[in-house]
Protein chains: 2
Amino acid sequence: MADAHDPASAHDPANFPPFAVTVDLVVLTVRDGTLHVLLVERGCQPFAGRRALPGGFVRPEEDLPDAARRELREETGVEALPAHLEQLATYGTPGRDPRMRVVSVAYLVLAPDLPVPRAGTDAAFAEWAPAGPLLAGADEATGQGRLAFDHARILADGVDRARAKLEYTPLATTFCPQRFTIAELRRVYEAVWGCRLDPRNFHRKITGTPEFVVEAGSTTTRGGGRPAQLYRAGPAGWLIPPLLRQRPGSGQ
Amino acid sequence: MADAHDPASAHDPANFPPFAVTVDLVVLTVRDGTLHVLLVERGCQPFAGRRALPGGFVRPEEDLPDAARRELREETGVEALPAHLEQLATYGTPGRDPRMRVVSVAYLVLAPDLPVPRAGTDAAFAEWAPAGPLLAGADEATGQGRLAFDHARILADGVDRARAKLEYTPLATTFCPQRFTIAELRRVYEAVWGCRLDPRNFHRKITGTPEFVVEAGSTTTRGGGRPAQLYRAGPAGWLIPPLLRQRPGSGQ
DNA sequence: TCAAAAGTGTTGAATGTACACCCATGG
DNA sequence: CCATGGGTGTACATTCAACACTTTTGA
């Protein structure tokens, strides 16, 4: 087949027009029993005034995860973050940024309920927003409150990943403070999955999985009722067999 | 904090030095009962003469999955491929390509046992190589037969993803020809996971999952013994509950 | 004393695992 | 007839789901 590219020059990267590379962050937390996502209001074009995922350009000598951590620090003011960070996916469709060809590597962050983030240098302000309404409108045309760029899709992919990972990893503990009760952990699952779980069976499943959580040695009565044992996240990396999502419960 | 970047120029992508963006392909198949990966021998610098994953630079107006499909077509000569293609992960550590800053989006392809691939335009030749030895040496220093760049790590990530996905998706069928027997499908699982599965229970599990496979209406005696029913891949997207890997069996 | 929440016991259903057994073909 | 591999029946162990019940606090 006739190749439009001359083979000699096709192998020299200097002959290709430049791409810009950015990182975008899907930062999730659980507040008041529902899933929230960290958003910024864009302070400059394009999409000025619209809400977007935090993120920015990768620097020339910066590794991708370092860029993600830097952007997160700039938006939240948190230095040593007790959060989980993993690569989500990469989005590079031509035209997704009207300025030029931009390839964006998205990262997923699961964090405990951090203090209200301060405004970063790149954004007019930052805030926690409930994820539900943003997911519901992900496939609509770009309406008033819609996210900039293709961020609604990135957010949907991030929430899907988080929901799936709760099934077979102990990542739900990263949504909790360092010491937490089994009931608090259960409320994380209920918030992320949007369903009810049986408190008794959940308690047995979690405490019955070796190394999933370890007793912290003290109790708390926050929330009222009988004092609950406090736990820390354990060293287990996988939950086998997985914890299965059930259909929305009959009660409530 | 003092930011080394001037905020005004930090938002203009034209002020950032260019990145090159490539796609790399982890193409897996099952041949002779073992997992194989498609490799090319590099025909130009850097790493000339070393084996590598097929891949190449993304063109200016080309979407990422299109670039992956184009590179696969150029290496294998297959136009309409009956294979599964999904994004794997993105690798962008500074220095991974000695020429310049290159961010590579890796794609995972699961394919049936295709005819021997022809040499592509970008490679001296292409061949199927057993995956096992390449995985075993993934953490060694770059020895003689080692892969170029960080491709050993990308390959390991791809094989991990494939192994995990067989558990809860019907993707094993993409390793098979269009019409296959349950035993042939079982041999795919055994090759990818490197363990033995009980033929009776496997048969029941597969045929008992609605929409996972559908009868093709004919039988075959390839392999000898009683004629086996032929099946096609069904419309099911998920395998619930998942098929669990067992430890290497006692027999054999 | 009551309400609320933590934690335990028990039971029937469903599922996974192991393996005996029969079926259909080629040699 | 026998070897080979496809496909089915059955029994045991394990796990899950539902819910009654007890424990321990605050009001």
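The sequence lines fix the lettering, A, B, ..., with proteins before strands; numbering per chain opens at 1.
The side chain of A/Asn201 approaches D/dA18 more closely than any other nucleotide in the set C/dA6, C/dG16, D/dA18.
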In B/S/- notation, 5' to 3', how is nucleotides 21-27 of chain C contacted by protein heavy atoms closer than 4.0 Å? --BBS--

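Side-chain contact check for A/Tyr91 versus A/Asp157: some heavy-atom pair is nearer than 4.5 Å.
Taking atom CG on A/Leu230 and atom C1' on C/dG7, their separation rounds to 15 Å, with Å as the unit. Taking atom CD1 of A/Ile240 as the reference point, atom P of D/dT15 lies 13 Å away to the nearest angstrom. A straight line from CZ of B/Arg222 to P of D/dG6 spans 11 Å, rounded to a whole angstrom. Rounded to an integer number of Å, the gap from A/Leu243 CG to D/dT15 C1' is 13 Å. Distance CZ (A/Phe180) to P (C/dA6): 14 Å, rounded to an integer number of Å. If you measure from atom OH of A/Tyr231 to atom C1' of C/dA6, you get 10 Å, rounded to the nearest angstrom. Taking atom CZ of B/Arg196 as the reference point, atom P of C/dC19 lies 16 Å away to the nearest angstrom. Spacing between atom CZ of B/Phe202 and atom C1' of D/dG5 amounts to 16 Å, rounded to whole angstrom units.
No engagement by A/Pro199 is indicated, since no non-hydrogen atom pair under 4.0 Å with the nucleic acid exists.
A heavy atom closer than 4.0 Å to some atom of DNA chain D occurs in B/His203, B/Arg204, these being the qualifying members of residues 203-213 of chain B.
The aromatic rings of B/Tyr189 and B/Trp193 sit perpendicular, their planes meeting at an angle over 60°, well past the 30° parallel limit. Note: A/Tyr168 and A/Trp238 have parallel aromatic rings, judged against thresholds of 30 and 60 degrees for the angle between ring planes.
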Could you write out each protein N or O paired with an N or O of nucleotides 11-14 of chain D at a distance under 3.5 Å?
none

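Heavy atoms from other residues, nucleotides or ligands lying under 6.0 Å from CD of B/Glu86 number more than 12.
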Could you give the side-chain donor-acceptor pairs of residues 104-112 of chain A under 3.5 Å, partners two or more places apart or in another chain?
| residue | atom | partner | partner atom | Å |
| --- | --- | --- | --- | --- |
| A/Ser104 | OG | A/Thr22 | OG1 | 3.0 |
| A/Ser104 | OG | A/Asp24 | OD2 | 2.6 |

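Between A/Asp66 and A/Arg69, at least one side-chain nitrogen of the basic residue sits less than 4.0 Å from a carboxylate oxygen of the acidic one, meeting the salt-bridge criterion.
In terms of modelled atom types and a separation under 3.5 Å, the side chain of A/Thr181 and the main chain of A/Glu184 share a donor-acceptor contact.
For A/Ala216, the side-chain contact (heavy atoms from CB on, under 4.5 Å) partners at least two apart in sequence or on another chain are A/Arg179, A/Leu230, A/Arg232. Among residues two or more places apart in sequence or in another chain, the side-chain hydrogen bond (donor to acceptor under 3.5 Å, both in side chains) test is passed with B/Thr29 by none.
To the nearest 0.5 Å, atom OG1 of residue B/Thr219 and atom CZ of residue B/Arg226 are 10.5 Å apart. The OG1 atom of B/Thr90 sits 8.0 Å away from atom CG of B/Leu64, with the distance rounded to the nearest 0.5 Å.
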